[in-house]
Amino acid sequence: MEICLAEARAAWDEEEVPVGALVADESGAVVARAHNATRKRTDPTAHAEMIALEEASRRRGNYRLTGCTLFVTMEPCIMCAGAIIEARLERLVFGCHDEKRGAFGSVIDVNALPLNHKVRVSGGILQNKSADLLRQFFTLRRGTEVAITGPTRNRLYV
């Protein structure tokens with residue numbers, strides 16, 4: 001999780017929401033690591049989890065990441081949860097819960113759905129460090145949004 005927090009701080013430095021992730025193989029070796037890059041890539045799917053899963057799949061030569069564990073600083077959203085299920089990850093370890101979009105227990109629990117794969121989940125690991133980083137990030141950005149309407153109204157401007 002400390003590596004994930006380092007990735008989250010790298011995201012912050014790039015003015016991205018500070019979330020970091022990594023995929024570890026069966027032996028615990030880091031296969032891939034990433035942080036949020038939605039603004040940099042102009043891509044709403046460029047969450048840390050998605051980037052780490054993509055890189056791990058490429059490095060292993062298989063989109064099935066059976067036996068692997070995803071570590072991430074914040075509980076994954078529904079989009080990332082779908083990718084986690086599709087990748088057939090064995091385990092998910094996350095830091096803080098996401099009370100607005102969390103898909104592994106906070107808002108919904110994808111493991112409770114009748115899907116063909118279940119993931120072992122451990123949440124709350126280094127929760128305070130993960131939550132504090134996010135809280136600080138959003139506190140600094142509060143009030144920096146430009147008041148506009150339409151489809152881009154939620155964009156952050158620095």
Side-chain angles (χ1 to χ4, degrees), residues 1-25 28-65 68-104 106-108 110 119 121-123 125-146 148 150-158:
M1 285 301 289
E2 291 291 348
I3 294 170
C4 292
L5 285 164
E7 284 290 334
R9 286 188 282 278
W12 177 314
D13 291 344
E14 295 174 12
E15 299 180 0
E16 298 281 355
V17 175
V19 175
L22 71 81
V23 175
D25 68 14
V30 175
V31 179
R33 56 190 282 181
H35 55 269
N36 276 359
T38 56
R39 293 181 68 189
K40 180 179 180 180
R41 294 185 181 192
T42 316
D43 179 358
T45 69
H47 290 193
E49 302 95 308
M50 301 293 280
I51 298 168
L53 291 174
E54 180 183 359
E55 182 63 25
S57 296
R58 188 175 15 261
R59 286 187 179 164
R60 288 174 60 107
N62 192 338
Y63 69 100
R64 297 284 197 227
L65 299 173
C68 290
T69 300
L70 175 68
F71 293 84
V72 62
T73 55
M74 185 167 74
E75 179 183 4
C77 69
I78 188 82
M79 173 185 69
C80 294
I84 289 165
I85 298 298
E86 290 301 315
R88 302 298 192 269
L89 285 168
E90 180 176 322
R91 187 168 170 231
L92 165 67
V93 178
F94 68 85
C96 62
H97 293 268
D98 184 348
E99 301 297 331
K100 293 181 181 179
R101 302 179 315 136
F104 283 94
S106 291
V107 177
I108 65 165
V110 296
V119 181
V121 179
S122 301
I125 311 304
L126 296 183
Q127 177 174 332
N128 291 339
K129 285 185 176 183
S130 297
D132 288 346
L133 191 61
L134 287 159
R135 195 175 301 110
Q136 291 167 15
F137 178 83
F138 285 112
T139 296
L140 288 172
R141 270 133 186 93
R142 201 165 287 126
T144 62
E145 297 172 7
V146 175
I148 57 175
T152 60
R153 73 174 184 267
N154 291 325
R155 268 191 153 153
L156 291 177
Y157 293 89
V158 180

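Side chains are part of it too, since the values below use all heavy atoms of this structure and drop only hydrogens, waters and symmetry mates. Nothing fancy with the numbering, it's 1 onward along the sequence.
- Interatomic distance, CG of Asp98 versus SG of Cys80, reported as 10.5 Å (0.5 Å rounding).
- Nearest heavy atoms, Ala52 versus Ala34: N-CB, 3.7 Å.
- Annotation: side chain of Glu99 is not in contact with side chain of Val107 (no heavy-atom distance under 4.5 Å).
- At least one side-chain heavy atom of Thr38 sits under 4.5 Å from a side-chain heavy atom of His47.
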Exercise for review: Take Gln127 and His97 through the side chain to side chain donor-acceptor pair (under 3.5 Å) test and state the conclusion after the steps.
Suggested key: CA-CA 8 Å; Gln127 177 174 332; His97 293 268; 4.5 Å; no
Practice item. Apply the test side chain to side chain contact (heavy atoms under 4.5 Å, CB included) to residues Ile84 and Leu70: give CA-CA distance (whole Å), side-chain angles for both, the deciding distance (0.1 Å), then the verdict. Key: CA-CA 8 Å; Ile84 289 165; Leu70 175 68; 3.6 Å; yes
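- Nearest heavy atoms, Ala32 versus Arg59: CA-NH1, 3.9 Å.
- Contact of the Pro76 side chain with the Glu49 side chain is registered, since non-hydrogen atoms from C-beta on lie closer than 4.5 Å.
- For the atom pair Met74 CE and Cys4 SG, the distance stands at 12.5 Å (nearest 0.5 Å).
- Looking at Glu14, its side chain never comes within 3.5 Å of a backbone N or O of Lys40 through a donor-acceptor pair.
- Considering NE2 of His35 and CG of Asp13, their distance stands at 8.5 Å, rounded to 0.5 Å.
- Between the Arg101 side chain and the Cys77 main chain, no donor and acceptor come within less than 3.5 Å of each other.
- Looking only at side-chain heavy atoms (C-beta outward), Gln136 and Trp12 come within less than 4.5 Å of each other.
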Practice item. Walk me through it: do Met79 and Thr45 pass the test side chain to side chain contact (heavy atoms under 4.5 Å, CB included)? Key: CA-CA 8 Å; Met79 173 185 69; Thr45 69; 3.7 Å; yes
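- Between Glu90 and Cys68 the shortest side-chain heavy-atom distance does not fall below 4.5 Å.
- Once rounded to the nearest 0.5 Å, the distance linking CG of Asp43 with CE of Met50 reads 8.5 Å.
- Under 4.0 Å is where a charged nitrogen must lie from a carboxylate oxygen, and between Asp132 and Lys129 no such pair does.
- Of all non-hydrogen atoms in Val17 and Ala11, the two that sit nearest each other are O-CB, 3.6 Å.
- Counting only distance, with no hydrogens or angles, the side chain of Thr73 and the backbone of Gly20 share a donor-acceptor pair below 3.5 Å.
- Contact check for Leu5 versus Leu126: side-chain heavy atoms found under the 4.5 Å cut-off.
- Residues Phe94 and Leu92 meet the side-chain proximity criterion, which asks for heavy atoms closer than 4.5 Å.
- We find the CZ-CD distance between Arg39 and Glu16 to be 6.5 Å, quoted to the nearest 0.5 Å.
- Heavy-atom minimum distance, Val72 versus Val19: CG2-CG1, 3.8 Å.
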Check your understanding: Is there a side chain to side chain contact (heavy atoms under 4.5 Å, CB included) between Glu75 and Cys96 once you walk through the steps?
Key -> CA-CA 6 Å; Glu75 179 183 4; Cys96 62; over 6 Å; no
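- Judged by distance alone, the side chain of Asn36 and the main-chain N or O of Pro18 form no donor-acceptor pair under 3.5 Å.
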Point to revise | Stepwise side chain to side chain contact (heavy atoms under 4.5 Å, CB included) check, Val30 with Leu22 | key: CA-CA 7 Å; Val30 175; Leu22 71 81; 4.3 Å; yes
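- Of the inter-residue distances, the one linking Ile125 atom CD1 with Met1 atom CE reads 7.5 Å to the nearest 0.5 angstrom.
- Nearest heavy atom pair, residue Ser130 against residue Gly95, reads OG-CA, 3.9 Å.
- Remark: Glu7 engages Arg33 in a salt bridge, criterion side-chain N to carboxylate O under 4.0 Å.
- Listed here is the closest heavy atom pair of Phe104 and Val110: CE2-CG2, 3.2 Å.
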